[in-house]
Amino acid sequence: MGYIDLRSDTVTKPTEEMRKAMYRAEVGDDGYGEDPTVNLLEQKAAELLDKEAGLFVVSGTMGNQVAVLTWTNPGEEIILEAESHIFYYEAGGLSANAGVQAFLIYGEDGLMDVEDIKKAIRPKGRVFPKTSLIVLENTHNRAGGKVLPISYMRQVYELSKDYNIPIHLDGARIFNASVYLKVPAKEIAKYADSVMFCLSKGLGCPMGSLLVGSKEFIEEARKNRQRLGGGLRQAGVIASCGLVALEKMIDRLEEDHEKAKRLYEFIKEIDIFDVKKPETNILKVKIKNGKEAKVFLEDFKRNGLLATSFDEETLRFVTHKDVSFDEIERAKEIIYKVSKLYK
Ligand code: TLP
């Protein structure tokens with residue numbers, strides 16, 4: 001029997017239908033704008049989020065980096081949450097690629113205080129960097145898949161417009177947020193000038209993300225993608241999976257949330273853990289007995305369960321389509337067994 005893999009929703013494999021779509025995909029050279037499948041995916045993504053245009057990129061990281069490059073100039077500053085993916089997990093791309101510096105705000109549960117954002121916006125003046133972008137993340141990964149409420153997004157958006165600063169939304173898991181909020185994703189995207197979302201997480205594609213925004217923004221972003229070496233050729237083979245994902249894989253995310261909830265209900269009864277109630281598919285579990293996360297992860301692995309950690313004292317479990325409800329039951333047993341070792 002293989003491992004029960006709760007390390008990430010990035011481990012999901014393409015469905016049968018995606019594999020067939022890949023085989024049949026009509027392709028052309030995207031460098032000439034001639035891949036009909038890529039063109040269709042970019043158009044559908046834009047429609048779904050109610051933006052003018054879309055750009056297919058190889059990864060979420062590339063989508064975020066291209067967005068930052070497009071909105072900013074070297075020497076400027078961007079405001080973002082201290083635990084945001086763009087700051088935390090993108091290998092210093094902000095400074096290496098865009099040459100910008102970060103103004104970090106420590107948020108509560110992934111939400112930066114709106115007053116703090118207002119205070120962080122630089123005044124005009126000889127000595128100040130220009131604040132050229134505000135970044136939000138919905139759902140927020142390191143806050144345990146936290147959904148940013150629409151009212152919050154609207155507030156930040158209104159503030160940003162008062163100062164004429166664009167908002168980029170890292171919506172790697174925007175569809176998890178939309179399923180949780182029971183609103184179409186465009187209701188969330190409305191409060192951002194550009195949005196990146198991933199096909200390769202809960203939606204199950206082997207790779208790929210989309211960046212959407214105004215026509216003008218995407219035109220410039222296409223150039224920046226090229227600059228990063230992300231120009232594509234017969235990428236319709238991959239984009240075909242994205243078309244399947246947008247049609248078939250969004251509504252079922254509800255199931256992943258249910259799996260996380262079941263794990264939560266079980267783990268919350270184990271007294272060495274402090275688990276945060278999940279809204280979506282990421283479970284954040286604090287270890288209370290002083291043992292390091294890596295010790296638990298090794299024991300889980302020995303027993304057939306894979307997970308990761310947020311830090312030395314916090315475990316992360318991510319549910320997705322490739323773990324069944326039965327496997328969730330088995331995961332519970334393993335977690336219980338391991339927790340007994342360290343009581
Ligand atoms: N997140 C990955 C790891 O990088 C941590 C994961 O396993 O969760 N934005 C957010 C909010 C993300 O969670 C991720 C990936 C990305 C962007 C980047 O996407 P990729 O991995 O396609 O570059």
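Given the structure is predicted, the values throughout are model-derived calculations rather than measurements. Remember, it's 1-based here, ligands and their atoms both numbered in the order they're listed. For the single chain, residues carry numbers from 1 onward in sequence order.
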Compare H140, R7, H85 and give the one whose heavy atom is closest to atom 14 (C) of ligand 1.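 Closest candidate by heavy-atom distance is H85.
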For T139, is at least one N or O under 3.5 Å away from an N or O on ligand 1?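 There is no such contact.
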Ligand 1 to R173 polar contact by distance, N or O atoms, under 3.5 Å: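 Yes - when backbone and side-chain N and O of R173 are compared with those of ligand 1, one distance drops under 3.5 Å.
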What are the atoms of ligand 1, with element, lying closer than 4.0 Å to any heavy atom of [X]?
X	value
S8	6 (C), 7 (O), 8 (O)
R316	6 (C), 7 (O), 8 (O)
S59	22 (O), 23 (O)

Is it the side chain (CB and beyond), the backbone, both or neither of [X] that lies under 4.0 Å from ligand 1, heavy atoms counted?
X	result
E137	side chain
R142	neither
N64	side chain
K201	side chain

Given D9, which partner from the list R173, K321, K201 fulfils the side-chain hydrogen bond (donor to acceptor under 3.5 Å, both in side chains) test?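 The option that passes is R173.
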Closest protein heavy atom (residue, atom, distance) for [atom]:
atom	value
atom 9 (N) of ligand 1	D170 OD2, 2.7 Å
atom 23 (O) of ligand 1	T61 OG1, 2.6 Å
atom 20 (P) of ligand 1	G60 N, 3.5 Å

Under 3.5 Å, is there a donor-acceptor pair between the [X] and [Y] side chains?
X	Y	answer
E137	H85	no
N281	K259	no
D299	Y342	yes

So, are K332 and E329 salt-bridged, with charged N and O less than 4.0 Å apart?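 Looking at E329 together with K332, the answer is yes, because their closest N to O distance falls below 4.0 Å.
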Got a salt bridge between D29 and R233, using NZ or NE/NH1/NH2 to carboxylate O under 4.0 Å?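 Yes, D29 and R233 are salt-bridged.
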Residues two or more places apart in sequence or in another chain: which of them pass side-chain hydrogen bond (donor to acceptor under 3.5 Å, both in side chains) with H168?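 Listed in chain order: N64, S194.
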Do any side-chain atoms of residues 94-105 form donor-acceptor pairs under 3.5 angstrom with protein atoms, and if so which ones, sequence neighbours left out?
residue, atom, partner, partner atom, Å
S95, OG, G92, O, 3.1
N97, ND2, Q65, OE1, 3.1
Q101, NE2, E77, OE2, 2.9

Do you know which of Y336, F296, F317 makes ring pair (Phe, Tyr, Trp, His ring centres under 6.0 Å) with F273?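 Only match with F273 under ring pair (Phe, Tyr, Trp, His ring centres under 6.0 Å): F296.
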